[in-house]
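Chain letters run A, B, ... following the sequence lines, proteins first and then strands; every chain starts at 1. All values derive from a computational prediction rather than experimental measurement.
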Amino acid sequence: MKPSGRLKLVSGVRDLQIVDCDDIHCGIVDDIELEGKPGGALRVKALLVGPGGYRDRLPRWWMALVRLVAGEEVVRIPWSEVESISSVVRLASPGSKLGLCRGEDKARRLLPRSRAGR
Amino acid sequence: MKPTELFLGILTAVGGFVDVSELVFMSQAGSRFGYALIWVVVLSTIGIMVFGEMSGRVAAIAKQPVFNLMRHRLGLRLGLVTLIASFISNMITCAAEIGGVALVLQLLTGAPYPLMALAATLAFIATVWLLPFKWIERTYGLLGLFMLVFGAALVAIHPPWREIAGGLVPQVPKGLPTRDLVAYAYFAVALLSAVMFPYETYFYSSGAIEDEWSEKDLGTNRLTTTVGFGLGALLAIALLASAAQLFGPAGISPELIGTVAQQAAVPFGKVGLLLALLGMLFAIGGAAIETCLANAYSLGQFFGWRWGRHCRPEEAPRFTLTWNAVFAGSLVIVLTGVEPIQLAEYAVVAAILVLPLTYLPLLLLAGDKTYMRAHANGPVAKILGWGFFALITIAAIAALPLFLITSGGQL
């Protein structure tokens with residue numbers, strides 16, 4: 001599905017996995033930012049990623065807990081960066097360039113360097 | 001897939017089928033109610049076959065692991081509730097498994113229980129850190145096959161096969177006082193939960209994605225879930241039937257891991273005991289790793305992190321930190337001194353509460369032709385899926401009251 005076509009935002013985009021151009025998982029569509037004027041066309045402006053994106057979706061006391069555990073950072077991904085939408089939202093750029101990999105970078109600093117894996 | 005790979009996959013599923021909760025509940029159910037609960041084991045095995053197959057198929061075709069689906073289908077609020085509940089349930093289960101392994105090690109070596117719990121946890125961390133995913137599965141699954149000694153032990157004690165076959169028929173034992181009937185209902189729900197533990201589906205579907213399953217792996221998926229789980233269930237039934245034959249008449253309630261192992265010692269002596277303990281060590285150890293990774297998979301998928309053991313630890317750092325933290329947290333629970341058997345009982349009740357929320361999104365997606373194309377649920381899968389969904393929902397509603405009324409089956 002192309003981002004320029006007709007979309008069901010709540011059932012078809014929100015809460016989907018985001019994958020960047022290098023096939024790296026870099027978050028979930030936590031909410032969607034719209035723009036428009038009364039009587040005018042409504043357009044998608046950006047995808048919101050991060051616990052701050054829960055603000056309008058959770059009761060206040062839940063949000064207080066989320067803030068306590070995970071903070072309320074939110075990253076805005078311009079809609080123009082969305083390349084396609086299927087069972088995942090695919091981005092045209094690397095997630096790191098859009099500010100999506102900060103959590104992974106912070107966690108990486110806590111790990112010992114290892115040659116293990118795969 | 002090569003026949004040898006398929007064969008090893010099925011054997012791995014057999015060896016990995018039984019965990020500490022099944023060991024405990026099968027033996028206690030057999031000791032207390034004879035063969036009358038065998039039908040519940042069969043029914044719940046069909047349930048885990050249905051949902052296991054579905055989760056593998058969804059992973060192979062839609063490339064969607066369970067927690068991605070859950071969030072997308074249930075939404076953020078209900079998804080978060082399920083995530084938190086399943087995280088707690090898996091953590092308690094992981095602690096029960098670590099405690100179970102520590103008890104087996106204590107029996108084998110005579111070393112103190114806390115020390116063995118620490119050693120087991122360190123060994124698990126090293127295993128997950130160093131071994132590739134397939135080898136983690138294979139090592140514990142195949143060495144867990146020592147548990148087959150319980151099947152041989154059942155044959156060796158010449159059980160009444162006709163009565164065992166009678167247990168396959170759904171029944172409510174006649175002539176039992178009300179308190180025993182309530183306990184029977186509790187054990188039925190507990191066995192259903194122990195066989196259909198949600199972590200098994202999280203782990204299985206995430207494993208399918210780790211192994212990069214595609215349409216060509218659907219046959220393997222079907223065989224692993226039917227033959228592998230089916231043979232695993234025979235092992236579970238052997239535990240139940242053997243306990244019914246050996247412990248029931250003597251009035252023994254097998255509440256210790258060592259007592260369960262005695263089932264193999266009766267016909268085969270020390271060798272049987274050793275094989276039983278080794279089988280339990282690896283089967284429970286494998287389950288400890290599965291529950292821990294299931295939690296890391298759940299968090300990774302829910303929040304969209306990079307996840308999986310196909311990545312190097314530094315390539316999926318939040319996932320790596322999570323599974324290390326789950327092992328550490330579970331060890332802390334064990335070191336508080338709570339009995340592993342008690343933890344297993346809590347885990348089983350917590351798990352059944354999560355089951356409907358786990359399986360609903362799976363059912364919805366497996367039936368969605370947009371994602372699943374020609375591999376969407378057919379009429380049989382739909383009837384079985386929704387039938388079992390109704391069953392686990394009823395069991396989930398009944399679980400907590402039954403647990404409280406019977407004091408965890410002690411009534």
Side-chain angles (χ1 to χ4, degrees), chain A residues 1 8 10-20 22-31 47-51 53-59 62-63 65-66 69-70 75 77 85-89 91 95-96 100-118, chain B residues 58-59 61-65 67-81 84 125-135 209-210 299-325 361 364-365 368 370-372:
Chain A
M1 204 186 298
K8 288 182 179 173
V10 172
S11 64
V13 181
R14 201 165 69 168
D15 293 318
L16 277 189
Q17 173 76 55
I18 299 172
V19 179
D20 75 1
D22 300 319
D23 262 345
I24 291 176
H25 287 197
C26 40
I28 295 273
V29 180
D30 290 309
D31 211 345
L47 304 179
L48 305 184
V49 184
Y54 302 168
R55 197 175 295 124
D56 295 330
R57 301 183 64 189
L58 292 178
W62 281 41
M63 199 50 216
L65 276 177
V66 169
V69 175
V75 177
I77 308 295
I85 299 156
S86 56
S87 56
V88 296
V89 172
L91 301 178
S96 53
L100 283 174
C101 299
R102 286 180 212 145
E104 298 284 26
D105 293 339
K106 278 183 201 165
R108 194 171 290 114
R109 282 183 227 125
L110 298 172
L111 288 177
R113 286 198 169 272
S114 158
R115 294 168 62 84
R118 290 190 198 275
Chain B
V58 167
I61 303 297
K63 314 286 179 198
Q64 294 274 309
F67 264 88
N68 263 163
L69 292 176
M70 192 176 293
R71 169 136 182 210
H72 187 52
R73 292 279 164 157
L74 298 182
L76 182 63
R77 283 190 200 190
L78 203 48
L80 260 180
V81 170
I84 293 167
I125 290 175
T127 305
V128 181
W129 197 282
L130 297 172
L131 290 183
F133 180 81
K134 193 167 267 182
W135 280 102
I209 289 176
E210 293 253 28
L299 280 187
Q301 291 160 12
F302 193 89
F303 294 111
W305 305 338
R306 199 163 185 209
W307 59 269
R309 281 297 296 121
H310 60 283
C311 308
R312 290 195 175 90
E314 63 271 21
E315 288 172 346
R318 283 189 282 198
F319 172 79
T320 307
L321 281 180
T322 303
W323 66 254
N324 277 281
L364 293 173
L365 193 86
D368 189 335
T370 317
Y371 291 108
M372 298 298 291

Novice: What part of P51(A) is in contact with chain B, defined as an atom under 4.5 angstrom from a non-hydrogen atom: side chain, backbone, both or neither?
Specialist: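 P51(A) has no heavy atom closer than 4.5 Å to chain B.
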
Novice: Of the backbone (N, CA, C, O) and the side chain (C-beta and beyond), which part of R14(A) lies under 4.5 Å from a heavy atom of chain B, both, or neither?
Specialist: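 The backbone, not the side chain.
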
Novice: Between L74(B) and D15(A), does a side-chain contact (heavy atoms from CB on, under 4.5 Å) hold up when you go through it step by step?
Specialist: CA-CA 10 Å; L74(B) 298 182; D15(A) 293 318; over 6 Å; no

Novice: In terms of heavy-atom pairs under 4.5 Å, which option from C26(A), G103(A), G50(A), C101(A) contacts chain B the most?
Specialist: G103(A)

Novice: For Q301(B), is it the side chain, the backbone, both, or neither that has a heavy atom closer than 4.5 Å to a heavy atom of chain A?
Specialist: backbone

Novice: Give the minimum heavy-atom separation between A62(B) and S87(A), together with the two atoms involved.
Specialist: O-OG, 3.8 Å

Novice: Nearest heavy-atom pair of E314(B) and L111(A): which atoms, and what distance?
Specialist: CA-CD1, 4.1 Å

Novice: Pick one of side chain, backbone, both or neither for W135(B), based on which atoms fall under 4.5 Å of a heavy atom in chain A.
Specialist: neither

Novice: What residues form a salt bridge (charged side-chain N to carboxylate O under 4.0 Å, His left out) with R318(B), not counting sequence neighbours?
Specialist: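 R318(B) satisfies salt bridge (charged side-chain N to carboxylate O under 4.0 Å, His left out) with E104(A) only.
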
Novice: Side chain, backbone, both or neither: which part of V29(A) has a heavy atom under 4.5 Å from chain B?
Specialist: backbone

Novice: Kindly say whether R77(B) contributes a backbone atom to a donor-acceptor pair with the side chain of R57(A) at under 3.5 angstrom?
Specialist: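 Pair absent, no side-chain N/O of R57(A) close to backbone of R77(B).
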
Novice: Y371(B) versus chain A, heavy atoms under 4.5 Å apart: side chain, backbone, both or neither?
Specialist: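 Contact with chain A: side chain only.
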
Novice: Among L321(B), T370(B), L76(B), which residue has the highest count of heavy-atom pairs closer than 4.5 Å to chain A?
Specialist: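 Counting heavy-atom pairs under 4.5 Å, the top option is L76(B).
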
Novice: I need the L110(A) CG to N324(B) CG distance, nearest 0.5 Å.
Specialist: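 If I round to the nearest 0.5 Å, the distance is 11.0 Å.
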
Novice: Which heavy atom in F302(B) sits nearest to a heavy atom in I28(A), and how many Å separate them?
Specialist: O-CG1, 3.4 Å

Novice: Heavy atoms only: give me the nearest R108(A)-E315(B) pair and the separation to one decimal.
Specialist: NH2-O, 4.3 Å

